[in-house]
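Notes for the one structure printed next.
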Amino acid sequence: MRYYLIAGEASGDLHGSNLIKELKNLDAEAQFRFFGGDLMQAQSDNLVKHYRELAFMGIFEVLANIRTIRKNMKLCKKDLLSYNPDVLILIDYPGFNMKMAEFAKKNGIKVFYFISPKVWAWKEWRVKKIKAFVDEMFTILPFETEFYKKHNYSVHYVGNPLVGSIEEFKSKALSKNDFRKKNALNEKPIVALVSGSRKQEIKQMLPVMAAMKKYDPNYQFVISGAPSIPADLYTTVLDGIEIPVIFNQTYELLNHSHCAVVTSGTATLETALFNVPQIVLYTFKGNKYLARLIRKLLIKIELFSLPNLILNEAAIKELVMEEMSVDHLKPEMNKLLNDSAYRNRIFQKYTRLHELVGKPGAAKRAAQKMVELLTKPLCTEST
């Protein structure tokens with residue numbers, strides 16, 4: 001089989017790499033071509049475009065880079081038709097991927113979607129396009145099955161791929177002492193600052209996160225550097241605040257952290273699965289009145305972080321839109337660092353979260369179902 005995959009950010013690169021690995025195990029003749037990142041490239045050589053050239057966040061950044069986005073879209077369409085795969089596998093990244101789903105479907109290419117767009121959160125009308133252009137949807141969040149059922153669309157729930165990734169990491173992780181020595185860290189408890197994988201996220205979230213350093217000298221703050229972001233961006237954003245940045249070691253950092261401040265996204269679930277108490281930040285560029293309007297008209301959820309959405313309650317604190325500020329973060333940070341009862345309540349919620357997200361093996365289960373669906377018509381025709 002010939003597979004074409006599109007992942008537009010770091011988390012998609014991780015999930016895409018695991019999916020390629022499992023597809024290779026099941027399909028001896030598998031061939032791959034993809035938009036992705038370093039992890040996917042480690043599994044197969046045919047990288048067309050790196051996600052660092054695709055990741056634009058928010059309305060204003062998208063508008064500012066519209067020519068680049070259109071150029072990438074044109075390249076992808078041309079390359080997809082030239083490669084003529086048996087299936088196009090889209091991984092999250094809905095702004096780009098939903099357009100590619102429509103294009104592929106209209107050109108007779110089967111479309112699978114691994115990791116659903118968050119249509120349950122905003123732009124619910126996109127379900128109509130998913131039903132029209134996506135042949136099979138593979139979901140990783142337990143509540144998505146009921147959501148799609150409400151819209152008369154059957155999906156394949158395969159469990160969350162992060163569970164397996166984190167379990168595999170922990171089996172060979174560095175000890176706390178070795179991790180500290182490797183990164184020249186001291187003995188103080190670590191507060192992880194996970195500011196995101198996009199430039200715009202880092203510019204918006206990191207200044208608020210970094211401001212916490214001056215309030216408690218008993219802890220060391222460490223920034224998780226995104227692999228696609230140049231080091232000088234962090235230097236510019238920190239503007240003289242001395243906080244170490246360690247690249248390509250998010251799991252290592254979370255594995256040895258006392259707590260974390262995290263930009264809303266996949267990293268919030270990763271942090272929870274490492275049992276690290278956290279505060280979640282989310283906002284986008286624009287004034288507070290625009291933020292309120294967009295939230296009222298487009299965003300259909302009250303909870304933003306994945307752990308809270310899965311648990312269906314505010315288990316961890318979220319500072320969203322105008323609440324995403326130093327003044328709001330400071331008192332929450334104090335509780336996260338020093339209030340043992342507060343921390344224990346979070347740990348109790350995490351126990352329930354582990355039960356809900358299921359067992360390892362999501363990528364394997366997704367790959368098995370994909371191969372089954374792709375080969376079943378051939379088997380039918382030969383009988």
Side-chain angles (χ1 to χ4, degrees), residues 1-55 76 79-80 83 85-94 96-97 100 112-116 138-141 156 158-173 194 196-198 224-229 247-255 265-267 269-270 273-274 306 357 359-371 374:
M1 292 283 181
R2 293 160 65 86
Y3 303 88
Y4 200 107
L5 296 85
I6 304 175
E9 51 199 351
S11 60
D13 181 37
L14 171 63
H15 302 320
S17 68
N18 290 328
L19 185 62
I20 290 174
K21 178 181 177 181
E22 297 297 342
L23 287 169
K24 288 195 298 186
N25 289 337
L26 293 166
D27 182 357
E29 298 181 355
Q31 299 177 48
F32 300 94
R33 193 165 176 83
F34 51 88
F35 279 41
D38 299 337
L39 297 177
M40 292 172 72
Q41 192 169 23
Q43 293 293 333
S44 176
D45 290 332
N46 294 320
L47 175 66
V48 180
K49 179 76 71 171
H50 199 286
Y51 70 77
R52 71 170 65 95
E53 300 178 58
L54 304 172
C76 192
D79 195 64
L80 180 69
Y83 189 65
D86 294 284
V87 63
L88 169 64
I89 302 175
L90 307 170
I91 305 173
D92 202 358
Y93 193 52
F96 190 95
N97 276 341
M100 287 306 303
F112 289 176
Y113 216 125
F114 180 47
I115 306 178
S116 170
F138 300 81
T139 60
I140 66 169
L141 297 172
H156 309 282
V158 295
N160 202 290
L162 293 176
V163 178
S165 298
I166 290 172
E167 183 175 271
E168 182 180 358
F169 165 79
K170 285 185 174 181
S171 69
K172 50 191 176 185
V194 187
S197 59
R198 301 181 180 99
S224 171
S228 61
I229 301 297
F247 289 88
N248 300 310
Q249 298 182 68
T250 300
Y251 280 12
E252 289 88 341
L253 178 59
L254 291 174
N255 196 39
T266 303
L269 183 55
E270 291 172 318
L273 293 176
F274 273 101
L306 287 175
V357 296
K359 297 179 180 180
K364 182 176 182 179
R365 289 189 289 272
Q368 287 173 334
K369 190 63 181 179
M370 288 179 182
V371 172
L374 290 168

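What you see below is based on every heavy atom in this structure, not just the backbone, and it leaves out hydrogens, waters and symmetry mates. Just so you know, these numbers come straight off a predicted model, no measurement behind them.
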Legend entry - Working for side-chain contact (heavy atoms from CB on, under 4.5 Å), residues Met370 and Ile89: CA-CA 10 Å; Met370 288 179 182; Ile89 302 175; 3.8 Å; yes
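- Taking a 6.0 Å sphere around NZ of Lys24, one finds it holds more than 12 heavy atoms contributed by other residues, nucleotides or ligands.
- Side-chain contact, Ser116 with Thr139: no donor N or O sits under 3.5 Å from an acceptor N or O.
- For Arg2 and Phe32, the positive end is not near the middle of the six-membered ring at less than 6.0 Å and at most 45° from its axis.
- Annotation: Lys170, atom NZ; neighbour count of heavy atoms from other residues, nucleotides and ligands within 6.0 Å is above 12.
- The shortest side-chain heavy-atom distance between Ile6 and Cys76 falls under the 4.5 Å cut-off.
- The distance between the ring centers of Phe35 and Tyr51 does not fall below 6.0 angstrom.
- A donor-acceptor pair shorter than 3.5 Å cannot be found between the side chains of Tyr113 and Asp92.
- Using modelled atom types, no side-chain atom of Ser44 and backbone atom of Gln41 make a donor-acceptor pair closer than 3.5 Å.
- Residues satisfying the salt bridge (Lys or Arg N to Asp or Glu O under 4.0 Å) criterion with Glu168, sequence neighbours excluded, are Lys172.
- With hydrogens and angles ignored, the 3.5 Å screen pairs no side-chain donor or acceptor of Arg52 with any backbone N or O of Pro227.
- Between Phe34 and Tyr3, the distance from one ring center to the other does not fall under 6.0 angstrom.
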Inset, instruction - Any chance you could lay out the side-chain contact (heavy atoms from CB on, under 4.5 Å) test for Glu9 and Arg198, step after step, and finish with the verdict? - result: CA-CA 8 Å; Glu9 51 199 351; Arg198 301 181 180 99; 2.3 Å; yes
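- A side-chain N or O of Tyr4 and one of Asp79 form a donor-acceptor pair less than 3.5 Å apart.
- Between the Asn46 side chain and the Arg33 main chain, no donor and acceptor come within less than 3.5 Å of each other.
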